[in-house]
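Quantities reported herein were computed from a predicted structural model and do not represent experimental measurements.
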Amino acid sequence: MNYFQFYEIPESFLPDEKAIQTKYYALSREFHPDFYTLESQEKQQEILEKSTLNTNAYRTLSHFDRRMQYILEQHGLLEEGGDNDLPQNFLMEVMELNEQLMELEMDPDPLQYKIVSDQTMQLEGELKAEIWPVLEKYPTLPPEAQSEALKQVKNYYLKRRYLLRIQDSLAKFAPHS
């Protein structure tokens, strides 16, 4: 079952997080295995599955990146070997940042670290500013427009993954710089 359907909320990249939390707690109480110890083995198994589904739904829907990945996967947009072409200019920017990271690895320099960190944050901010209106409007779009929006979100998601790897690498250098 789709997590959004399970929580009875519309599919959205920016859902009401309080509603997600409220639904999680309500379903946690409803499907708590301890309340079903006297039921049949089949009923206990069903409750355990629903409890697990609730936990997985909450972990996914309450986390921005996991939620985005989940929606894209539900629409078949993150399949292995799929169309993951990113714009050449973005890939060049990432390559330059990675080259600067390699230089930092060889020669730790606090100033260079700050430059790479600032460039990464600026790029991330630009990407977020560009995609945010799409994320906000997504639930209200007609199906054909949602399809186009999903392609834009996929592009953002893939770019964001590159930037997160760079940020992870930067975190390794922070104590040395």
Going by heavy atoms in the side chains, are [X] and [Y] under 4.5 Å from each other?
{"X": "Gln119", "Y": "Gln100", "result": "yes"}
{"X": "Leu97", "Y": "Thr120", "result": "yes"}
{"X": "Phe4", "Y": "Gln74", "result": "no"}
{"X": "Tyr162", "Y": "Leu91", "result": "yes"}
{"X": "Pro15", "Y": "Leu61", "result": "no"}
{"X": "Thr52", "Y": "Phe31", "result": "no"}

From the options Glu73, Arg66, Arg67, select the one residue that forms a side-chain hydrogen bond (donor to acceptor under 3.5 Å, both in side chains) with Gln69.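 So, applying the side-chain hydrogen bond (donor to acceptor under 3.5 Å, both in side chains) to Gln69 and each of Glu73, Arg66, Arg67, only Glu73 qualifies.
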When you measure from the side chain of [X] to the backbone of [Y], do you find a donor-acceptor pair of N or O atoms at a distance under 3.5 Å?
{"X": "Ser169", "Y": "Arg165", "value": "yes"}
{"X": "Thr55", "Y": "Ser51", "value": "yes"}
{"X": "Gln146", "Y": "Tyr138", "value": "yes"}
{"X": "Thr22", "Y": "Lys18", "value": "yes"}
{"X": "Thr60", "Y": "Asn56", "value": "yes"}

Do [X] and [Y] sit in the same hydrophobic cluster, where Ile, Leu, Val, Met, Phe, Trp and Tyr count as joined when their side-chain heavy atoms come under 4.5 Å apart?
{"X": "Ile131", "Y": "Phe64", "result": "yes"}
{"X": "Leu48", "Y": "Tyr24", "result": "no"}
{"X": "Leu27", "Y": "Met1", "result": "yes"}
{"X": "Trp132", "Y": "Leu141", "result": "no"}
{"X": "Met68", "Y": "Leu86", "result": "yes"}

Show your reasoning for whether side-chain contact (heavy atoms from CB on, under 4.5 Å) applies to Phe13 and Leu150. CA-CA 10 Å; Phe13 291 100; Leu150 285 167; 3.8 Å; yes
side-chain contact (heavy atoms from CB on, under 4.5 Å) between Leu123 and Glu93: does it pass, once the steps are laid out? CA-CA 9 Å; Leu123 187 53; Glu93 283 183 88; 3.7 Å; yes
Decide side-chain contact (heavy atoms from CB on, under 4.5 Å) for Val116 and Gln112; before the verdict, give the C-alpha distance in whole Å, the side-chain angles of both, and the deciding distance to 0.1 Å. CA-CA 6 Å; Val116 174; Gln112 188 61 28; 3.8 Å; yes
Sequence neighbours excluded, which residues qualify as ring pair (Phe, Tyr, Trp, His ring centres under 6.0 Å) partners of Tyr70?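 Partners of Tyr70 under the ring pair (Phe, Tyr, Trp, His ring centres under 6.0 Å) test: Tyr3.
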Those residues that, when tested against His32, pass ring pair (Phe, Tyr, Trp, His ring centres under 6.0 Å) (two or more places apart):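 For His32 the ring pair (Phe, Tyr, Trp, His ring centres under 6.0 Å) partners, ignoring immediate neighbours, are Phe35.
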Separation of [Y] [atom2] from [X] [atom1] (nearest 0.5 Å):
{"X": "Asp168", "Y": "Lys172", "atom1": "CG", "atom2": "NZ", "value": "7.0 Å"}
{"X": "Glu49", "Y": "Asn54", "atom1": "CD", "atom2": "CG", "value": "13.5 Å"}
{"X": "Leu72", "Y": "Tyr157", "atom1": "CG", "atom2": "OH", "value": "7.5 Å"}
{"X": "Ser62", "Y": "Glu17", "atom1": "OG", "atom2": "CD", "value": "7.5 Å"}
{"X": "Ser12", "Y": "Ile71", "atom1": "OG", "atom2": "CD1", "value": "6.5 Å"}
{"X": "Thr140", "Y": "Lys137", "atom1": "OG1", "atom2": "NZ", "value": "8.0 Å"}

State whether Tyr7 and Lys23 meet the cation-pi test: NZ (Lys) or CZ (Arg) under 6.0 Å from the six-membered ring centroid, and within 45° of the perpendicular axis.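 No - Lys23 does not lie over the ring of Tyr7 by the 6.0 Å and 45° rule.
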Report the C-alpha distance between Gln5 and Glu11 in whole Å, list the side-chain angles of each, state the deciding distance to 0.1 Å, and finish with yes or no for side chain to side chain donor-acceptor pair (under 3.5 Å). CA-CA 8 Å; Gln5 292 169 343; Glu11 182 179 87; over 6 Å; no
Set out, in order, the CA-CA distance, both residues' side-chain angles and the distance that settles side chain to side chain donor-acceptor pair (under 3.5 Å) for Glu126 and Gln122, then state yes or no. CA-CA 6 Å; Glu126 291 168 3; Gln122 179 183 350; 3.0 Å; yes
Would you find more than 12 non-hydrogen atoms of other residues, nucleotides or ligands less than 6.0 Å from Gln44 atom CD?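 Counting neighbours around CD of Gln44, more than 12 heavy atoms of other residues, nucleotides or ligands fall under 6.0 Å, so yes.
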Are more than 12 heavy atoms, taken from residues, nucleotides or ligands other than Glu130, located less than 6.0 Å from that residue's CD atom?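 Open.
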Is any NZ, NE, NH1 or NH2 atom of the basic residue among Glu46 and Lys50 found under 4.0 Å from an Asp or Glu carboxylate oxygen of the other?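 Looking at Glu46 and Lys50, the cut-off is met.
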So which atom in Tyr36 and which in Glu30 form the shortest heavy-atom distance, rounded to 0.1 Å?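 Looking at all heavy atoms of both residues, the shortest contact is OH-O, 2.8 Å.
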Between Lys114 and Asp118, does a salt bridge (Lys or Arg N to Asp or Glu O under 4.0 Å) hold up when you go through it step by step? CA-CA 6 Å; Lys114 180 157 178 29; Asp118 288 351; 2.9 Å; yes
Do Lys151 and Asn155 pass the side chain to side chain donor-acceptor pair (under 3.5 Å) test, and can you show the C-alpha distance, the side-chain angles, and the key distance before you say yes or no? CA-CA 6 Å; Lys151 290 176 189 171; Asn155 192 294; over 6 Å; no
